[in-house]
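Just follow the structure's listing: the first ligand is 1, and inside any ligand the first atom is 1.
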Amino acid sequence: MLIRKAPDIASSEITPHSLYLNRRRFLQGAAAGAAMLAMPSIGSRLLADTPQKLQFSKWPGSTSEKQTPFNDITHYNNFYEFSTDKNGPATLAQNFRTRPWTVKVEGLVNKPKTFDIDDILKQNPLEERIYRHRCVEAWSMVIPWVGFPLANFLKQVEPNSKAKFVEFTTLWDPKQMPGENSSVLDWPYVEGLRLDEAMNPLAILAVGLYGQALPNQDGAPIRLVVPWKYGFKSIKSIVKIKLVDKQPVNTWYRSAPGEYGFYSNVNPNRDHPRWSQKTERRLDGAGFLGSGHRIPTQMFNGYGDQVASMYSGMDLIKNY
Ligand SMILES: Nc1nc2c(c(=O)[nH]1)N[C@H]1C(S)=C(S)[C@@H](COP(=O)(O)O)O[C@H]1N2
Ligand SMILES: [Mo]
């Protein structure tokens with residue numbers, strides 16, 4: 001896992017999230033490697049659990065672009081709680097416990113409530129939505145998510161008139177998540193949306209992909225998916241959702257404010273300080289050794305007709 005294959009070394013875009021971390025990154029990698037070696041019978045675990053099949057309807061707005069193969073979606077992950085290596089979470093998250101699991105919804109709401117994940121699954125009609133997924137590192141995928149609109153979920157707790165933003169928090173459990181023992185990021189991972197963004201019909205809470213429960217490395221049991229924004233906004237393994245009146249400080253902004261803004265809308269006209277955002281490498285099943293194929297990046301990841309009006313009058317170069 002820790003041995004870099006030649007194309008990874010050659011490519012400047014594989015690990016840019018962590019480039020600034022310099023030697024801290026190496027310490028993290030060593031810790032993750034040690035944790036992996038300590039795990040018993042990884043091989044047998046790979047086949048042990050039958051994934052939970054989900055019931056869902058098909059959302060009519062899905063893209064018809066070629067879907068990224070399951071194997072790439074589950075072996076090319078950013079999930080720093082487990083590893084900063086793209087293929088690390090697939091192994092290190094094998095034994096991650098996603099039951100029992102609750103999501104606490106609190107803050108500026110009339111009806112705060114802690115939801116059990118199985119009640120969430122029963123109470124929210126699921127849809128399959130095939131979305132483009134674009135990482136700030138200039139790679140992209142097409143993923144058949146299974147989930148439901150975040151707006152429907154938030155309406156159940158009745159946000160009050162003071163609520164202006166939504167803050168999401170990932171589980172903090174360093175015993176299970178080896179990366180949380182390192183200072184690679186400030187834990188727990190936090191993300192935020194403006195309330196109108198959260199209420200946009202495209203924003204979903206995903207509980208599955210390819211018709212089955214989310215693989216752990218993709219953010220089981222429940223994660224955010226905001227398809228017009230860079231991938232890091234789509235926070236994984238959520239335990240808390242808080243309605244607030246001030247703009248939340250999201251984890252990537254906290255670690256590198258000049259690089260990862262609050263808005264993080266996919267924008268080919270606003271370069272990342274260290275690389276261009278004009279194009280992206282679409283992962284197409286060629287796997288790690290392949291480079292995918294390069295395509296132009298679209299404003300708002302191609303979802304502009306549904307989201308651009310939320311930003312009218314805003315300078316999207318300044319508000320990156
Ligand atoms: N909790 C948590 N959520 C996270 C991350 C992370 O490290 N921790 N990485 C983000 C980044 S940078 C990306 S690109 C997407 C990747 O999602 P995927 O691995 O399911 O494709 O997850 C995002 N959500
Ligand atoms: Mo990302």
Side-chain angles (χ1 to χ4, degrees), residues 13-21 25 28 32 67-90 92-93 96 98 103 131-147 167-174 176-180 182 184-193 204-210 213-227 229-241 250-256 259-261 264-266 272 275 277 280-283 292 297 301:
E13 68 194 3
I14 295 291
T15 54
H17 272 341
S18 40
L19 279 180
Y20 78 96
L21 299 164
R25 178 165 195 289
Q28 154 75 8
Q67 293 168 39
T68 302
F70 184 81
N71 193 57
D72 283 10
I73 299 174
T74 54
H75 291 82
Y76 199 85
N77 299 106
N78 276 335
F79 202 170
Y80 278 23
E81 284 85 341
F82 289 101
S83 172
T84 56
D85 282 308
K86 295 281 183 282
N87 58 342
L92 290 164
F96 183 56
T98 58
V103 180
Y131 279 162
R132 287 178 290 277
H133 179 66
R134 173 37 162 106
C135 178
V136 74
E137 298 168 16
W139 52 264
S140 67
M141 302 191 191
V142 175
I143 302 184
W145 299 111
V146 179
E167 182 186 273
F168 303 83
T169 307
T170 294
L171 179 68
W172 190 76
D173 186 352
Q176 288 205 77
M177 298 171 125
E180 290 186 335
S182 90
V184 65
L185 287 174
D186 262 348
W187 312 109
Y189 195 101
V190 169
E191 256 306 336
L193 295 173
I204 59 169
L205 287 171
V207 295
L209 59 82
Y210 271 113
L214 274 182
N216 292 343
Q217 61 268 38
D218 288 285
I222 187 163
R223 66 167 300 162
L224 182 66
V225 175
V226 199
K229 292 181 183 276
Y230 292 120
F232 66 91
K233 295 299 278 187
S234 293
I235 181 172
K236 294 172 166 176
S237 305
I238 297 168
V239 292
K240 194 170 82 178
I241 300 178
N250 49 316
T251 295
W252 277 104
Y253 178 82
R254 189 191 290 275
S255 44
E259 306 205 359
Y260 310 106
S264 314
N265 288 317
V266 175
H272 184 277
W275 60 88
Q277 295 290 27
E280 65 201 52
R281 191 169 51 88
R282 174 65 55 84
L283 300 189
T297 287
N301 208 18

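- Looking at Thr170 next to ligand 1, an N or O pair under 3.5 Å apart turns up.
- By the 4.0 Å heavy-atom criterion, Ser234 is counted among the residues contacting ligand 1.
- In this structure, Thr170 and Lys236 approach most closely via the heavy-atom pair OG1-O, 2.7 Å.
- Using a 3.5 Å distance cut-off with no hydrogens or angles, the side chains of Glu280 and Thr297 do pair a donor with an acceptor.
- At a heavy-atom cutoff of 4.0 Å, ligand 1 is contacted by no atom of Glu191, backbone or side chain.
- Residue-level proximity to ligand 1 for His133 is carried by the side chain, the only part with a heavy atom below 4.0 angstrom.
- Applying the ring-ring contact (aromatic ring centres under 6.0 Å, His included) criterion to Phe96, with sequence neighbours excluded, gives Phe82, Trp101.
- Pro69 is linked by a side chain to side chain contact (heavy atoms under 4.5 Å, CB included) to Asp72, counting only residues two or more places apart in sequence or in another chain.
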Verdict with reasoning, Asn250 to Glu167, per side chain to side chain donor-acceptor pair (under 3.5 Å): CA-CA 8 Å; Asn250 49 316; Glu167 182 186 273; over 6 Å; no
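- Taking any N or O of Gln217, backbone or side chain, none lies under 3.5 Å from an N or O belonging to ligand 1.
- Proximity of Glu81 to ligand 1, defined as any heavy-atom pair under 4.0 Å, is confined to the side chain (atoms from C-beta onward).
- Ile73 and Asn77 make their closest contact through O-ND2, 3.0 Å (heavy atoms, listed as atom of the first residue, atom of the second, distance).
- Remark: side-chain polar atoms of Thr74 are paired, donor with acceptor, to backbone N or O of Phe70 under 3.5 angstrom.
- For ligand 1, the polar-atom distance check finds an N/O of Lys236 within less than 3.5 Å of one of the ligand's N/O atoms.
- Contact annotation for Asn78 and ligand 1: heavy atoms of both the backbone and the side chain come within less than 4.0 Å of the ligand.
- Of the listed residues (Met141, Arg134, Arg223), the one carrying the non-hydrogen atom nearest atom 20 (O) of ligand 1 is Arg223.
- Near Cys135, meaning under 4.0 Å from one of its heavy atoms, ligand 1 places the atoms 14 (S).
- Under 4.0 angstrom from ligand 1, the non-hydrogen atoms of Tyr80 come from both its backbone and its side chain.
- What you find for Arg134 and Ser140 is that their closest heavy atoms are CA-CB, 4.1 Å.
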